[in-house]
Amino acid sequence: MRNALIADGTGAPLTAGDVAIANGHITDAAVGRDTVNLDADGELVCAPGFIDVHTHDDAALIRYPGMEFKIAQGCTSVVIGNCGFSGFPAPGIQDTESIAGATWPDLDGYRAAVEQGGFACNAMPLIGHNTIRVVAVGFEDQRAPTAAELATMRDHVHRAMEQGAAGFSTGLIYRPGKWAALGELIALAEAAAEHGGVYATHMRDEGARLLDAVTEALTVGREAGCPVHISHHKASGEPNWGKVADSLDLIDAAGQDVTLDFYPYVASSGPMAEYVTPETVTQDWADRNQFASCPPFPRYQGRNVAEVAAAEGITVSGLVSKVLGAPGGQATISIGFTMSEADLITNVRHARMMIGSDGIPELDGLPHPRLFGTFPRIFAEYVRGEAVISLEEAVRRMTSLAADRFGLAGRGRVADGAHADLVVFDPAAIRDTATFQDPKREPEGVRWVIVNGRLVYDRGQHTGDRPGALLRYAR
Ligand SMILES: [Zn+2]
């Protein structure tokens, strides 16, 4: 690649130069001119491929192997198995549900399944607490595991770590993870820690009790002896706005190895059945939420819950009952507008804050626009728009910081010998175009994306190549 402005991933100032690739790696050696030559015109930025550290792409690697919604953003690697839901060991819930009939006992089995068809970007797995708790204890049991069940769960964590997982994840607002007490979390995080793994957590509360939840996460890390990664850091609900700063202060004061991620939107999204029941739903919740996917009633997708109830002439409780009770209704995904823009900016400023889309790859519905827009939106809103951080710093958060935390060895930097995962973009033009009403739109300003030395995105077109690898954690 000729005439690029190189953002090397470390946060160092841009330098003008060429980047050569040979055999899937970046090289300082001279490369013959008979190979593909890309000319960056002295205006385009060449950076390490972005790493989406918070995804639910476990099933997407099989369902959507082109991974177009990530590749088009410049993402060359994703961390999977977040929020306590991993694609292995099956049978699990959530993501694994959509891989019809598939079963595999462990990460090696999942690896064989995804590698069979190939996929376009790299992936680094975490093993999910909810998934192993379903396997060991069941989905409905609101109790502590027996000693034998806990031992089974620990075995799953050890096995996943031996087979290349980066760590152990929790989703403590979801069933069945929310029934786990602190001791269970420490025991399982400890199993990951023995292999140098990370504890990644969707915390027990992201609203009124955010600080208690942070304290719990820090305690798990301290007692288990492992680094903590806090997922989609936020303060939900207007009375809690501003607590993002308090939470970061608490984390900084702890003196522990803690990193975080966030996505640049004021709305969250997840399985509706995990948030409300016909008994608990309120008018306020209905006012703030819209349907993303609704398999039994696709006509509701993209519409506000309260408005749908009014149009149908039923109460919001009646609507929730109708939707969740219909065949396929439990798979309904909602989007809730609960956060403040000021808290997003507070997140952006923090030096250990990575970017994680948290996108839910359900393309039959109208997913949260974060699935298609997260990474370009950081440049559009917080590098150019609000000028909160420099371009080089944004790239660092998306590359070397993430690669070092999640053990993506030899990635996240433009350096001699590194794997050739690269994105080339126009720093003046890169922007998201996905919206809450029209969310499946690819961003603008990304010119080329290269994964393991192969071109997967060329001026707005996916090349169809699938050079991705399921990576193994390097501590
Ligand atoms: Zn989550």
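Indexing begins at 1, ligand by ligand and atom by atom, following the structure's order. For the single chain, residues carry numbers from 1 onward in sequence order.
- The six-membered or imidazole ring of F262 lies away from that of H350, with a centre-to-centre distance of 6.0 Å or more.
- Here the two rings, on H368 and F436, have centers that are under 6.0 Å apart.
- Between R396 and D404 there is no salt bridge, since no side-chain nitrogen of the basic residue lies less than 4.0 Å from a carboxylate oxygen of the acidic one.
- When ring centroids are compared, F375 and F425 stay outside the 6.0 Å threshold.
- In this structure, the ring of F297 has its center no less than 6.0 angstrom from the ring center of F291.
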Quiz item: Run the salt bridge (charged side-chain N to carboxylate O under 4.0 Å, His left out) check on E393 and R397 step by step: do they pass?
Solution: CA-CA 6 Å; E393 173 66 3; R397 308 284 193 81; 2.7 Å; yes
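- Counting only distances under 2.8 Å, and ignoring water, the protein N, O or S atoms around the Zn ion (ligand 1) are C83 SG, H202 ND1, H232 NE2.
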